[in-house]
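Report on one structure; see the data block that follows.
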There are 2 protein chains.
Amino acid sequence: MSGKRQDARVRYTKMVVKQSLLELLRTKPVAKITVTEICEAAGINRATFYSHYADPSDLLQSIEDELVEGITVRAQPALSGGGTDMRATLRGIVGYIRANADTFRVLLSDTGDASFQSQVVSVMERRYLDFWQAFRPEDAEGAAYIYTFIALGSVGVIRRWLDEGMLRSDAEIAELIFRLSAAGLAGLGT
Amino acid sequence: MSGKRQDARVRYTKMVVKQSLLELLRTKPVAKITVTEICEAAGINRATFYSHYADPSDLLQSIEDELVEGITVRAQPALSGGGTDMRATLRGIVGYIRANADTFRVLLSDTGDASFQSQVVSVMERRYLDFWQAFRPEDAEGAAYIYTFIALGSVGVIRRWLDEGMLRSDAEIAELIFRLSAAGLAGLGT
DNA sequence: TCCGATAATCAACGCAGTGTTGACTTATTT
DNA sequence: AAATAAGTCAACACTGCGTTGATTATCGGA
């Protein structure tokens with residue numbers, strides 16, 4: 001997409017630095033993680049860190065951006081292989097989260113980042129809106145609240161699923177989220 | 001509850017320091033707020049800060065604890081004046097959040113604290129569980145997921161309500177949350 | 001395969017914020 | 001008015017910051 005591929009050294013540095021931060025995030029919030037700490041864990045020089053990122057939050061942001069992008073792509077109905085099939089889209093998203101489970105678990109946890117969760121919710125919200133509006137064209141009272149409700153609720157289900165060690169299959173979780181969301185929407189008209 | 005009342009000076013210090021932090025939190029995340037900054041804004045000596053709190057996160061934690069306590073109390077059905085009336089309980093909670101709207105808005109925002117949201121969700125979750133289990137004694141498949149779904153969804157509704165400037169009345173929002181939650185639960189059996 | 005370009009390393013820098021101390025001043029309680 | 005507790009102030013060593021310039025290692029293309 002953007003010109004040539006990055007230098008192998010750069011790729012390595014970014015990778016090792018990201019992994020080190022994620023490792024540290026398991027033990028404490030980003031507020032208490034220092035650049036020095038990250039560099040020691042990564043085995044790189046501090047100056048190298050600064051040539052790529054401004055501070056630990058900036059690094060965290062770049063990790064988050066990748067994951068949000070991954071979800072966004074899979075939230076596009078056309079690309080998820082299911083056309084307008086919401087279940088298929090959800091399975092795609094759940095599968096992607098499983099593939100990056102360790103990272104998602106940390107970032108969505110208590111010591112994680114509120115803004116990351118917020119970004120994920122936004123993507124879900126938009127997708128739900130696109131999908132369900134086809135079925136209920138006329139906007140009921142307080143419709144926007146419902147999409148927020150089910151989007152955040154869905155993320156909650158995913159969080160719990162991750163915390164429990166992903167005992168259930170992707171399909172099961174996708175189906176559960178689908179049913180709960182559909183029910184929430186149905187409840188509006190009541 | 002715990003012995004005598006605190007010295008007036010202590011009460012003032014804690015108050016002004018909390019307000020200063022909340023003010024700063026409007027502009028940046030807690031990760032980038034320094035003790036020095038807080039003290040300048042509060043007009044107190046740095047040594048005074050350290051005699052009460054360990055660091056900015058510790059101070060933030062104490063603010064959060066108060067609010068979580070406030071919600072917990074109102075989530076007790078017996079105390080919310082409505083017996084087992086879930087609507088009344090929700091109205092009580094929503095009213096409390098409105099009374100502390102500025103603070104809740106900041107803490108539940110993107111730049112807020114993931115652990116605070118998490119604590120609030122926990123309280124709601126437990127309350128929903130107590131209430132609804134009376135109506136559906138036999139636990140359906142994946143019941144725990146539903147409570148997480150509706151608890152987080154409820155917090156999402158509150159977040160949106162705060163962001164929109166609380167245009168709707170407490171009763172309206174409480175009713176909306178009640179309806180969405182009930183619907184989510186009903187959807188499980190389907 | 002060699003060469004120019006790009007990255008990473010290292011040591012050093014002044015600077016800002018930390019957390020603690022002890023001597024002091026000021027406010028509160030009884 | 002005296003005793004107690006809290007806040008102020010200046011100073012301290014220390015840690016981490018962010019940047020610099022010189023040096024070494026690695027990469028990718030001609």
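First the proteins, then the strands, lettered A, B, ... as listed; each starts at 1.
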Indicate whether the side chain of A:Arg127 and that of A:Thr89 have a donor and an acceptor atom separated by less than 3.5 Å. yes
Would you please confirm or rule out a distance under 4.0 Å between OP1 or OP2 of D:dA6 and any side-chain N or O of B:His52? no
Does a salt bridge link B:Asp7 with B:Lys14, judged by any charged N lying under 4.0 Å from a carboxylate O? no
Just the rounded figure in Å: distance from C1' of C:dT26 to CG of B:Asp7. 11 Å
With sugar-phosphate meaning primed atoms plus P, OP1 and OP2, does B:Thr48 contact a base, only sugar-phosphate, or nothing at under 4.0 Å between heavy atoms? base
Does B:Ala174 offer a backbone N or O that forms a donor-acceptor pair with the side chain of B:Arg91 under 3.5 Å? no
Select from B:Tyr50 and A:Arg11 the residue whose nearest nucleotide in DNA chain C is closer to the 5' end of that strand. A:Arg11
Are OP1 or OP2 of C:dA8 and a side-chain N or O of A:Thr13 less than 4.0 angstrom apart? yes
Parallel, tilted or perpendicular for A:Phe116 and A:Phe104, by the 30°/60° rule? tilted
Pairs under 3.5 Å (N/O, protein and nucleotides 9-13 of chain D):
none

Contact nearer the 5' end of DNA chain C, comparing B:Ala8 with B:Pro56: B:Pro56
Is it the case that the base of D:dT26 and the side chain of A:Arg9 share a donor-acceptor contact (distance under 3.5 Å, atom types as modelled)? yes
Is A:Arg160 salt-bridged to A:Asp163, going by a charged N under 4.0 Å from an acidic O? no
If you look at every strand shown and take non-hydrogen atoms under 4.0 Å, does B:Thr34 touch a base, only sugar-phosphate, or nothing? sugar-phosphate
Report yes if the side chains of B:Phe49 and B:Leu59 come closer than 4.5 Å at any heavy-atom pair, otherwise no. yes
